[in-house]
Structures are given as structure tokens and as C-alpha cells.
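Reviewing the structure listed below.
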Amino acid sequence: PDGGPLLVVDGLTAGYNGVPAIRDLSFTVGAGEVVSVLGPNGAGKTTSLLAIVGLVPPMAGSVTALGRPVNVRRPHELARRGVLLVPDDRGIFPGLTVRDHFRLAQRRQDPAREAAVLDRFPALKGLLGRRVGLCSGGEQQMLTIAKALLGRPRVLMIDEMSLGLAPKIVQEMLPSIRALAREEGIGVVLVEQHIELALSVSDRGVILNHGRVVLEGAARDLLAHRDQVEAAYFGAD
Ligand code: ATP
């Protein structure tokens with residue numbers, strides 16, 4: 001709103017049954033910026049996203065969205081502010097068509113917005129009448145992101161969009177994420193296991209291991225120091 005970051009995560013600690021799975025997580029996301037949250041299996045990437053939206057209750061720390069503190073006990077309020085989590089299970093119904101999903105995703109039908117979103121994922125245009133269960137994994141993933149875009153989000157947090165997709169498809173899709181951030185001023189948090197692909201479309205990267213930030217920096221610096229990234233990624237606690 002005032003040109004400050006759209007999302008500020010400050011000292012967030014959260015976990016399950018009183019045991020922290022992430023500790024002291026801090027990062028910011030500005031308008032048009034892509035920030036990758038990277039790390040091996042179990043590092044705490046998904047937990048980070050869930051804690052930001054309050055689906056895993058934080059034990060410490062705070063989240064500020066669009067300049068105002070977030071009440072993590074009210075996840076829906078955050079969605080209303082335009083901070084959306086795109087889960088890795090894609091949230092789709094195999095028996096419904098692509099067009100059905102577009103309808104269900106909008107509170108009010110907005111044909112202009114629908115057209116703009118389809119322009120961003122032209123592959124979906126020819127699939128509107130197809131049942132989603134018959135779409136490819138990549139097409140389903142495009143639909144998931146397209147659905148989120150229909151609501152004109154300010155911040156999109158995308159959990160492992162590459163899950164189950166061939167690297168070639170991921171390679172094709174990631175640049176469109178960067179484009180939508182730039183062109184619509186959306187702040188994007190990208191949770192990924194594909195380190196280099198993710199960093200190649202990101203402004204900054206945060207690397208988690210065992211629930212802690214072990215390395216962070218400008219994406220281009222991280223790409224230039226792959227040895228450090230690998231050590232952080234694979235290093236023991
Ligand atoms: P992955 O890439 O495998 O999804 P991740 O980096 O997203 O990994 P998280 O799913 O956030 O990691 O898991 C972080 C830690 O929290 C792990 O040790 C995991 O076992 C634990 N954990 C995750 N979900 C739960 C849960 N519902 N109950 C208890 N522990 C959980």
C-alpha cells in the first residue's frame with residue numbers, strides 16, 4: 001500500500017504438538033517479487049506456509065500483510081486481504097470441467113478477468129470443456145494457479161507446484177510465474193525442491209534445513225555460489 005513489503009514474516013516459530021518444525025523464520029516479499037523457499041524433504045517448507053496463514057498455530061513471531069498485522073487465528077481474513085495459499089494437492093475435482101472450476105472459483109463472474117487469466121495460460125483455453133481428471137498434471141497445475149489468479153491476489157504462496165511434473169513442464173511453467181508477479185505486481189512465495197529452476201525465476205531465496213534458515217540471499221548470488229547452496233541444502237544440523 002505504501003510501497004513497503006506486501007508480506008513480512010518476522011521470527012515465526014511453529015510446529016506440531018508443541019514441537020517446533022520451523023524456528024525463527026523471517027523474510028519479506030515485495031510487490032512483483034518472487035521469493036523461493038527451498039530445502040530438502042521435511043525441512044519445514046510447507047509448515048512455513050501453513051504457519052503464515054495460521055493453519056498451523058505459531059508459537060512465536062508475527063506476520064504482517066499489506067501493512068497490517070495478521071491475526072493468525074483467522075485464516076479467512078488473510079484470504080480476504082488477497083494473501084492466497086496454493087496447496088500442493090491442487091484442490092481440484094476430477095469430475096468437473098475446467099470451466100466448472102473457473103465458475104466455482106469466482107464469487108461473482110468476471111468475464112474480463114477470466115479472459116485475462118486465460119491469456120496468461122493459453123493452454124487452458126482449448127480445455128474449458130474437459131474434465132479435470134483427464135487433464136495432464138501440468139494442465140491441472142496451470143488451472144490451480146489460474147483459479148487463484150481469478151480473485152486478483154496480492155500475494156500468492158505456491159507450494160511445490162512442480163510436484164509430480166516432468167522437469168520440462170516445470171521449466172516451461174516457472175517463467176510464467178515470474179511474469180505474473182512482474183506484470184500484476186503480485187508478491188510470490190515459491191516453495192520448491194528444484195533449486196536451480198526456482199532460483200532462476202526468483203529475486204531472492206531462503207534455504208531451510210531442519211526448520212531453520214541456513215542460507216538466504218539474492219537469487220543471482222545463490223546461483224553463483226552453488227557450493228554454499230548445496231552445503232546448506234544437504235548439510236547436517
Ligand atoms: P516436504 O518437501 O517433504 O513436503 P517440507 O519442507 O514441506 O517437506 P514440512 O512438511 O513442513 O516439510 O515438515 C516439517 C517437519 O514437520 C517434518 O519433520 C514433518 O515430519 C513434520 N510435520 C509435518 N506435518 C506434520 C503434522 N501434521 N504432524 C506432525 N508433524 C508434522
Side-chain angles (χ1 to χ4, degrees), residues 7-29 34-63 65 70 72-75 78-79 83-92 137-138 140-141 144-145 148 155-167 169-171 173-174 177 187-202 204-217 219 222 226 228-237:
L7 186 71
V8 179
V9 178
D10 187 17
L12 200 58
T13 296
Y16 308 91
N17 307 314
V19 182
I22 57 162
R23 293 168 199 265
D24 200 21
L25 174 69
S26 300
F27 69 90
T28 67
V29 188
V34 181
V35 177
S36 277
V37 176
L38 308 164
N41 282 120
K45 304 181 298 295
T46 298
T47 303
S48 300
L49 298 188
L50 294 176
I52 289 169
V53 301
L55 290 174
V56 169
M59 299 165 175
S62 67
V63 178
V70 169
V72 288
R73 282 179 194 81
R74 306 187 59 199
L78 196 56
V83 180
L84 290 190
L85 175 58
V86 180
D88 59 3
D89 66 10
R90 296 182 188 163
I92 49 175
Q140 292 179 0
Q141 190 58 68
T144 307
I145 295 168
V155 176
L156 271 189
M157 299 190 285
I158 306 175
D159 196 0
E160 286 199 52
M161 78 166 217
S162 60
L163 208 67
L165 299 184
I169 310 286
V170 181
Q171 222 157 354
M173 282 192 63
L174 279 175
I177 300 294
V188 176
V189 180
L190 213 52
V191 159
E192 268 300 331
Q193 297 228 28
H194 293 271
I195 314 176
E196 294 202 3
L197 276 179
L199 286 175
S200 71
V201 299
S202 297
R204 282 179 290 118
V206 175
I207 296 166
L208 296 181
N209 206 332
H210 298 284
R212 293 179 195 273
V213 176
V214 286
L215 187 65
E216 63 187 308
L222 294 173
R226 286 170 211 207
Q228 284 178 27
V229 172
E230 267 173 42
Y233 205 86
F234 298 108
D237 34 347

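Every number for a ligand or one of its atoms is a count from 1 in the order of the listing.
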Problem set entry | side-chain hydrogen bond (donor to acceptor under 3.5 Å, both in side chains) between Ser162 and Glu192, worked out | CA-CA 7 Å; Ser162 60; Glu192 268 300 331; 2.7 Å; yes

Exercise. Do Val29 and Met157 come close enough that some side-chain heavy atom pair is under 4.5 Å?
Worked result: no

Exercise. Can you tell if the side chain of Ile22 reaches within under 4.5 Å of the side chain of Val56, non-hydrogen atoms only?
Worked result: no

Problem set entry | Any Gln171 side-chain heavy atom under 4.5 Å of Leu197 side chain | yes

Problem set entry | Residue pair Val189 / Phe27, side-chain heavy-atom distance below 4.5 Å | yes

Exercise. Can you list, by chain and residue number, every protein residue with a non-hydrogen atom closer than 4.0 Å to ligand 1?
Worked result: Tyr16, Ala21, Pro40, Asn41, Gly42, Ala43, Gly44, Lys45, Thr46, Thr47, Glu160, Gln193

Exercise. What are the two closest heavy atoms between Ala232 and Ile207, and how far apart are they?
Worked result: CB-CG2, 4.1 Å

